[in-house]
Q: 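Structure in structure tokens, see below.
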Amino acid sequence: MKSMLGYVLLAAAGLLAVAQGQVITVTNGETDGRWGPLESCPAGSRAISYQSSHEVDAPVVDDSALNTLVLFCDDADNTNITSTQGYTGNFQNIQNCPFGAYMKSFQLRVSPAGNTTDNTAVNNIRFKCSNDREINGLGNTSGYWGEYSAECLDGICGMETRVRPDGGIVVDNTALNDVRFTCCTPAIFNANKFNRH
């Protein structure tokens with residue numbers, strides 16, 4: 001029987017909160033490509049901001065939408081983590097949680113396979129911060145937003161991305177298909193470590 005340690009039902013919010021070492025996911029990710037390596041913030045730090053790279057929508061062209069996701073940690077070196085990166089696109093502005101807050105859950109906008117003649121998989125991502133502020137970049141607009149993931153009680157510390165590599169002109173390229181995040185291990189998080197970009 002699985003231990004209930006790490007799972008707390010937040011009845012008021014209707015959300016499942018997840019403790020250290022657990023992984024948060026969403027149900028609307030796509031399945032092309034392979035999972036990349038787990039990259040994590042340094043011990044005692046967590047993710048407070050993100051940046052994404054997108055290939056813009058272009059008529060009659062094979063678009064891949066969201067390609068690369070970068071998380072920024074609140075350690076002294078402003079460490080960033082990426083897992084597997086895509087192969088094209090332009091980086092958008094960095095999206096920051098308010099000072100003192102950290103990222104705790106996420107949501108994906110996905111155009112499912114077979115939905116159009118040009119599949120794009122993940123088109124955008126947004127996060128909820130620990131103060132319930134939502135941070136959202138300017139991603140592609142195809143597809144639909146799914147439900148928010150469960151929440152990491154102590155913040156997001158690790159990331160794995162599922163990316164389909166560039167297949168050239170003979171395939172329908174989709175780049176980023178899914179992402180999952182690892183929750184932080186409880187630690188003392190010092191307010192003076194929260195940096196802005």
Side-chain angles (χ1 to χ4, degrees), residues 1-40 46-47 50 52-55 63-71 81-86 95 97 102-130 132-165 172-184:
M1 184 177 185
K2 260 189 178 177
S3 169
M4 291 305 290
L5 180 65
Y7 296 92
V8 178
L9 185 61
L10 299 180
L15 296 172
L16 184 68
V18 182
Q20 76 268 17
Q22 298 295 324
V23 175
I24 57 171
T25 62
V26 290
T27 59
N28 63 327
E30 283 295 301
T31 58
D32 281 343
R34 293 184 178 178
W35 287 104
L38 171 65
E39 290 198 11
S40 300
R46 51 193 167 191
Y50 81 98
S52 55
S53 171
H54 302 259
E55 182 179 31
D63 299 321
S64 56
L66 201 155
N67 267 250
T68 300
L69 182 64
V70 180
L71 300 187
I81 58 176
T82 58
S83 190
T84 299
Q85 300 184 44
Q95 303 298 314
C97 283
Y102 52 86
M103 295 153 64
K104 66 177 183 178
S105 62
F106 76 104
Q107 187 179 31
L108 293 180
R109 182 172 194 149
V110 176
S111 181
N115 191 44
T116 64
T117 54
D118 179 18
N119 295 322
T120 52
V122 179
N123 277 255
N124 203 359
I125 187 169
R126 58 190 176 199
F127 291 86
K128 192 169 285 187
C129 300
S130 56
D132 288 330
R133 166 93 175 268
E134 192 174 73
I135 53 174
N136 185 10
L138 296 174
N140 302 64
T141 57
S142 296
Y144 307 93
W145 288 106
E147 297 295 321
Y148 257 101
S149 69
E151 297 180 351
C152 288
L153 292 173
D154 295 289
I156 290 171
C157 282
M159 174 174 67
E160 297 167 272
T161 55
R162 184 173 199 153
V163 176
R164 180 177 178 172
D172 186 2
N173 289 299
T174 56
L176 189 80
N177 271 247
D178 202 358
V179 62
R180 58 194 180 200
F181 299 98
T182 303
C183 298
C184 300

Q: Taking the side chain as everything from C-beta on, heavy atoms only, tell me whether Val26 gets closer than 4.5 Å to Gln107.
A: no
Q: Report yes if the side chains of Trp35 and Val163 come closer than 4.5 Å at any heavy-atom pair, otherwise no.
A: no
Q: Is the backbone N or O of Asp154 less than 3.5 Å from a side-chain atom of Arg46, with the two atoms forming a donor-acceptor pair by type?
A: yes
Q: What heavy-atom pair brings Thr84 and Gly36 nearest, and what distance separates the two atoms?
A: OG1-CA, 3.1 Å
Q: Please assess Tyr50 against Val70 for the test side chain to side chain contact (heavy atoms under 4.5 Å, CB included), listing each intermediate value before the final yes or no.
A: CA-CA 6 Å; Tyr50 81 98; Val70 180; over 6 Å; no
Q: How many angstroms lie between CD1 in Ile125 and CH2 in Trp145, if you round to the nearest 0.5 Å?
A: 8.0 Å
Q: To the nearest 0.5 angstrom, please state how far the CD atom of Glu39 sits from the OG1 atom of Thr161.
A: 8.0 Å
Q: Got a donor-acceptor contact below 3.5 angstrom from the Thr68 side chain to the Gly86 backbone?
A: yes
Q: How far apart are the C-alpha atoms of Ile135 and Cys129, what are their side-chain angles, what is the distance that settles it, and do they pass the side chain to side chain contact (heavy atoms under 4.5 Å, CB included) test?
A: CA-CA 7 Å; Ile135 53 174; Cys129 300; 4.0 Å; yes
Q: So, for Ser111 and Thr120, which heavy atoms are closest and what is the spacing to 0.1 Å?
A: CB-OG1, 3.4 Å
Q: Do Ile81 and Ser40 touch side chain to side chain, with heavy atoms closer than 4.5 Å?
A: no
Q: Are the side chains of Cys157 and Thr182 in contact, using a 4.5 Å heavy-atom criterion?
A: no
Q: Does NZ or CZ of Lys128 fall inside the cone over Phe106's six-membered ring, less than 6.0 Å from its centre and within 45° of the axis?
A: no
Q: Taking atom CG of Asp178 and atom CZ of Arg164, what is their separation to the nearest 0.5 Å?
A: 15.0 Å
Q: Within the distance-only criterion (no hydrogens, no angle test), does the side chain of Asn67 pair as donor or acceptor with the backbone N or O of Ala65 below 3.5 angstrom?
A: yes
Q: Would you confirm whether Glu55, through its side chain, and Ser64, through its main-chain N or O, come within 3.5 Å as a donor-acceptor pair?
A: yes
Q: Where is the tightest heavy-atom contact between Thr141 and Arg109, given as atom of each residue plus distance?
A: O-NH2, 2.7 Å
Q: Could you tell me whether the side chain of Val110 reaches within less than 4.5 Å of the side chain of Glu30, counting heavy atoms only?
A: yes
Q: Are the side chains of Cys97 and Met103 in touch, meaning some heavy atoms are under 4.5 Å apart?
A: yes
Q: Supply the atom-to-atom distance Leu66 CG to Thr174 OG1, rounded to the nearest 0.5 angstrom.
A: 11.5 Å
Q: Keeping Ser105 on the side-chain end and Ala150 on the backbone end, is there a donor-acceptor pair under 3.5 Å?
A: no
Q: What is the ring orientation for Phe181 with Phe127, classed by angle as parallel under 30°, tilted 30 to 60°, or perpendicular over 60°?
A: perpendicular
Q: What are the two closest heavy atoms between Met159 and Leu71, and how far apart are they?
A: SD-CG, 3.9 Å
Q: Would you confirm whether Arg162, through its side chain, and Gly33, through its main-chain N or O, come within 3.5 Å as a donor-acceptor pair?
A: yes
Q: Taking side chain as C-beta onward, heavy atoms only, is Ile156 less than 4.5 Å from Tyr102?
A: no
Q: Is there a side-chain contact between Val179 and Leu108 in this structure, where contact means two heavy atoms from C-beta onward sitting under 4.5 Å apart?
A: yes
Q: Do you know which two heavy atoms are closest between Pro37 and Ser83, and how far apart they sit?
A: O-OG, 2.7 Å
Q: Heavy atoms only: give me the nearest Asn140-Asn124 pair and the separation to one decimal.
A: O-CB, 3.9 Å
Q: Can you tell whether the side chains of Lys104 and Glu151 come within less than 4.0 Å, N to carboxylate O?
A: yes
